[in-house]
Amino acid sequence: MSDKWWKKRVFYQVYPMSFKDSDGDGTGDIRGITEKLTYLKELGIGALWLSPVYSSPMYDNGYDISNYKKVNPLFGDNNEIYTLLERAAELDIKIVMDMVLNHTSDEHEWFQKSRRRIEPYTDFYIWRKAGENGKLPNNWGNFFGGKSWTYDELRGEYYLHLFNEHQPDLNYRNEILISKIIEMLKFWLKKGVSGFRLDVINILWKQSLSDGKPRAALTGMEHYISVSGLHVLLKRFRSEVFKDCYTVGETVFVDTERAKDLTLESRAELDTVFSFEHMESDCFFVKWFMRPFSPTRFLNILAKWQRALPWNTLYFENHDQPRSVSRFIKKGFENEGAKALSILLLSLKGTPYIYQGQEIGMRNYPFSSIEEVKDVESRSIWEFSRKLHIPKFYMKKAIKKSSRANARSPMQWSGGEGGGFSASADTCFPVCPDHVEINVEAEEKNPDSVLNFYKKLIHIRNHSEVLKSGEIKIISVRKGVIYYIRDYCGERIAAAVNLSSRKRKIDFSIDNIISNYGKRKTENILQPYEAAIGRPE
Ligand code: ISL
């Protein structure tokens with residue numbers, strides 16, 4: 001049995017731009033987060049993942065860092081983050097900072113010096129001359145659609161960027177760069193940070209820069225996804241800087257075997273990863289090619305991961321994904337559906353992550369035009385799809401439905417003007433019109449709300465060793481219904497979740513400690529989206 005703190009706590013992700021604006025400039029900020037710590041404490045949260053708060057020109061909302069040690073003036077200053085760390089510690093809430101190590105902003109001093117070949121920065125990035133006949137150095141694509149090389153006039157060479165052209169990739173073959181990165185991570189640990197969420201960490205090491213096998217998306221990926229050199233680098237980070245802190249790596253295109261390679265305790269690389277397989281169950285390879293959501297497919301993937309890994313993270317939302325209620329739940333069942341998902345999230349084995357607004361059942365933003373979708377990925381994909389002549393009507397629908405912008409609309413604190421997010425009418429992202437009904441203030445007063453359900457459930461989990469640490473046995477996944485038993489030194493608890501919109505017959509019985517239907521009515525039937533945690537027979 002492990003006593004690691006990150007196995008016991010419920011995490012909550014804050015996307016600072018749209019969480020709480022304390023000074024009325026229309027953008028969320030650090031003081032806003034500090035103000036809401038008591039709300040999070042009451043919810044039962046034990047740790048926060050803070051999306052990037054560092055200086056950034058914000059092409060990718062902070063995932064393009066121009067100074068790792070300085071807080072973005074949009075969000076406040078360094079003293080404010082130190083205060084946030086102190087207040088959180090007083091409330092026994094740990095803070096895990098997002099850290100983007102694969103790339104920086106092109107406005108970072110390192111890149112500006114690298115372009116000018118100023119030592120020791122000359123090789124901090126991946127620079128190459130044009131290939132034969134003036135072609136790009138290789139045929140790799142980038143994550144946002146399009147090519148991964150951009151020519152820099154000043155240096156007279158191309159640089160690699162696996163994301164936007166304003167996000168040049170760092171070169172981890174350079175020792176001085178590695179030492180600067182380690183020094184910077186130590187800086188934040190000294191300030192009281194308890195760990196890091198490591199952005200796209202499994203693409204850091206480029207094994208070679210050869211052409212990739214042509215693919216519909218991400219040509220070249222076999223040269224950098226979880227390659228052998230990455231494991232060496234991660235072991236080094238673990239021994240030199242991550243010794244006593246928690247790490248969760250965002251790992252793209254990992255299957256269960258690759259995830260194990262990265263997280264097994266004996267390998268000393270990462271503690272946990274965010275995998276994507278369950279979040280991609282409703283699309284083909286890339287999210288723009290959607291297929292209908294199948295609860296059985298989704299639950300089978302979760303079950304496979306539960307069986308394969310001794311421990312991992314659990315999540316159904318984050319700042320890159322559309323809202324789970326709009327995505328996985330049929331219209332008309334949002335209230336029951338949001339609660340069914342919360343039971344799943346908080347009773348499976350692993351470290352659960354709640355994304356801001358998920359606890360009140362926030363929904364996708366009702367975009368009326370493609371111009372309204374403010375996100376660098378959506379914009380790039382739209383332009384890329386134009387070049388490929390993919391029909392406009394198809395792409396418009398796909399982008400509105402799956403854009404990352406859906407999850408970035410401001411947190412809905414009240415039903416008043418601007419959803420209680422900001423005093424300004426001109427907010428960084430528009431406030432979702434449904435804030436009139438879906439908001440913290442209203443849900444706090446309603447005993448049947450999604451928010452009060454989350455609170456109850458988190459409270460139960462926080463006080464239940466079997467829910468926090470028990471082993472899991474998945475008994476069945478059938479017709480959109482999952483049934484499993486957790487076991488901790490002989491203490492057993494069962495959970496059943498019907499993620500389908502139909503009534504389902506069941507061949508097990510479950511009483512209820514907590515259920516989204518109140519008291520369970522029919523012994524051998526689960527109602528649409530009915531979910532319960534109870535004692536097994
Ligand atoms: O967002 C995605 C799917 O819509 C992914 O392809 C995403 O780009 C990928 O998971 C990496 O995400 C992370 O790094 C990006 C940043 O834009 C994302 O917000 C971040 O979570 C580049 O730093």
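Values below: every heavy atom of this structure, side chains too, minus hydrogens, waters and symmetry copies. Counting convention: from 1, in listed order, for ligands and their atoms alike.
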(request) Report the nearest protein non-hydrogen atom to atom 4 (O) of ligand 1: residue, atom name, distance rounded to 0.1 Å. (result) Lys287 NZ, 2.4 Å
(request) Pull out every atom of ligand 1 sitting under 4.0 Å from any heavy atom of Phe144, numbered as shown with elements. (result) 8 (O), 17 (O)
(message) For a 4.5 angstrom cut-off between non-hydrogen side-chain atoms, does Val252 reach Leu218?
(response) no
(request) Can you sort out which atoms of ligand 1 are near Val200, meaning under 4.0 Å from one of its heavy atoms? (result) 11 (C)
(request) Would you please test Ser22 and Asp29 for side chain to side chain donor-acceptor pair (under 3.5 Å) and show each step? (result) CA-CA 7 Å; Ser22 75; Asp29 47 46; 3.0 Å; yes
(message) Between ligand 1 and Met279, can you find any atom pair, the residue atom being a heavy atom, that is separated by under 4.0 Å?
(response) no
(request) Could you tell me the residue and atom name of the protein heavy atom closest to atom 8 (O) of ligand 1, and the distance to it rounded to 0.1 Å? (result) Phe163 CE2, 3.6 Å
(request) Give the residue, atom name and distance (to 0.1 Å) of the protein heavy atom nearest atom 17 (O) of ligand 1. (result) Asp60 OD2, 2.4 Å
(message) Within the 4.0 Å heavy-atom shell around Asp320, which atoms of ligand 1 are there?
(response) 1 (O), 4 (O), 12 (O), 13 (C), 18 (C), 19 (O), 20 (C), 21 (O)
(request) Name the closest protein heavy atom to atom 13 (C) of ligand 1, giving the residue it belongs to and the distance to 0.1 Å. (result) Asp199 OD1, 2.9 Å
(message) Let me confirm one number: the OG-CZ distance from Ser324 to Phe316, rounded to the nearest 0.5 Å.
(response) 8.0 Å
(request) Check each of Glu377, Arg197, Gln321, Glu250 against atom 5 (C) of ligand 1 and report the one with the nearest heavy atom. (result) Glu377
(request) Check the side chains of Gln321 and Arg327 for a donor-acceptor pair under 3.5 angstrom, ignoring hydrogens and angles. (result) yes
(message) What I want to find out is whether Lys180 reaches Glu183 closely enough, with some N-O distance under 4.0 Å, to be called a salt bridge.
(response) no
(request) Run the contact test for His103 against ligand 1 with a 4.0 Å cut-off on heavy atoms, strictly below, and give the result. (result) yes
(request) Please confirm whether Lys94 makes a cation-pi placement over Tyr246, using NZ or CZ under 6.0 Å from the six-membered ring centre and within 45° of the ring normal. (result) no
(request) Considering the heavy atoms of Phe276, write down every atom of ligand 1 situated less than 4.0 Å from one of them. (result) 10 (O)
(message) Using a 4.0 Å cut-off to any heavy atom of His319, which atoms of ligand 1 qualify?
(response) 18 (C), 19 (O), 20 (C), 21 (O)
(request) Taking atom types as modelled, find out whether Ser114 and Tyr159 have a side-chain donor-acceptor pair closer than 3.5 angstrom. (result) no
(message) Side chains of Ser403 and Ser378: any donor to acceptor distance under 3.5 Å?
(response) yes
